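As structure tokens, the structure follows; a few thoughts come after it.
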Amino acid sequence: MASRISELILKCRDPELLARFWCEVLDFVELDREGDDIEIGPREGFGGAQPTIILARDDQPRNGLLRLHIDINAVDRDQDAELERLLALGARPADVGQTGEESWHVLADPEGNEFCLLRRRLDPL
């Protein structure tokens, strides 16, 4: 038996803000709170095929680019329509040295954490 990722931890200054953003982006819901930390995940709850995300309060400034980032795929629209939706939710374009020839878009969440919107590779669940 192999292991699988069950949770991703994202340190942030404002867990409430990022919980709202990522819940909208991923169609997740709040699953749990412990102090200032918020766990969000699929509507089915913890333990399914998708990992949950724990938004952990951290008031320390971020140093440089994230060493781990999230890639997302739209499942009910094309990449251009999803890009428009993400920008309307508060994402913004990010420059991490891409050439402009990539098939993905590099974005940042409201706290500047980079993530990529890939061309559709997943089918709806």
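Keep in mind it's a predicted model, so treat the numbers as computed, not measured. The figures that follow rest on heavy atoms only: side chains count, while hydrogens, waters and symmetry mates do not.
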Does any non-hydrogen side-chain atom of [Y] lie less than 4.5 Å from one of [X]?
X      : Y      : answer
Asp71  : His69  : yes
Leu18  : Pro110 : yes
Val29  : Leu31  : yes
Ile38  : Glu30  : yes
Ile54  : Asp32  : no
Val106 : Asp95  : no
Asp59  : Arg57  : yes

Please round to the nearest 0.5 Å and tell me the distance separating atom [atom1] of [X] and atom [atom2] of [Y].
X      : Y      : atom1 : atom2 : value
Ile40  : Leu26  : CD1   : CG    : 6.5 Å
Glu111 : Arg13  : CD    : CZ    : 4.5 Å
Leu55  : Asp37  : CG    : CG    : 8.5 Å
Ile72  : Cys116 : CD1   : SG    : 9.0 Å
Asp58  : Asp36  : CG    : CG    : 11.0 Å
Asp80  : His105 : CG    : NE2   : 5.5 Å

Would the distance check show the side chain of [X] and the main-chain N or O of [Y] forming a donor-acceptor pair, the cut-off being under 3.5 Å?
X      : Y     : answer
Arg33  : Glu39 : no
Glu114 : Ile70 : no
Arg4   : Pro51 : no
Gln98  : Ala94 : yes

(request) Answer yes if Leu89 and Leu117 sit in the same cluster of Ile, Leu, Val, Met, Phe, Trp and Tyr residues linked by side chain heavy atoms under 4.5 Å apart, and no otherwise. (result)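 Linked, Leu89 and Leu117 end up in one cluster.
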
(message) Side-chain heavy atoms nearer than 4.5 Å, only ILVMFWY residues, links allowed to pass through others: does that put Phe28 and Leu86 together?
(response)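 Per the 4.5 Å side-chain linkage, Phe28 and Leu86 are co-clustered.
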
(message) I'd like to know if Arg119 pairs up with Glu82 as an ion pair, taking the criterion as any Lys NZ or Arg NE/NH1/NH2 lying under 4.0 Å from an Asp or Glu carboxylate oxygen.
(response)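 Answer for the salt bridge query: no.
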
(message) Check this for me, if you would: do Asp27 and Arg43 make a salt bridge, where the nitrogen-to-carboxylate-oxygen distance has to be below 4.0 angstrom?
(response)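 Salt bridge between Asp27 and Arg43, a charged N being under 4.0 Å from a carboxylate O: yes.
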
(request) Compute the ring centroids of Phe115 and Trp104, then answer whether they are less than 6.0 Å apart. (result)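 Distance test on ring centres: not under 6.0 Å, no.
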
(message) Please find the pair of heavy atoms, one from Asp109 and one from Phe21, that lie closest to each other, and give the distance.
(response)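 So the minimum-distance heavy-atom pair works out to CB-CE2, 3.5 Å.
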
(message) Could you report the tightest heavy-atom contact between Ala56 and Pro15, atom names first, then the distance?
(response)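 So the minimum-distance heavy-atom pair works out to C-CG, 4.5 Å.
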
(message) Would Trp22 and Leu10 count as a side chain to side chain contact (heavy atoms under 4.5 Å, CB included) here? Give the steps.
(response) CA-CA 11 Å; Trp22 285 108; Leu10 181 58; 4.2 Å; yes

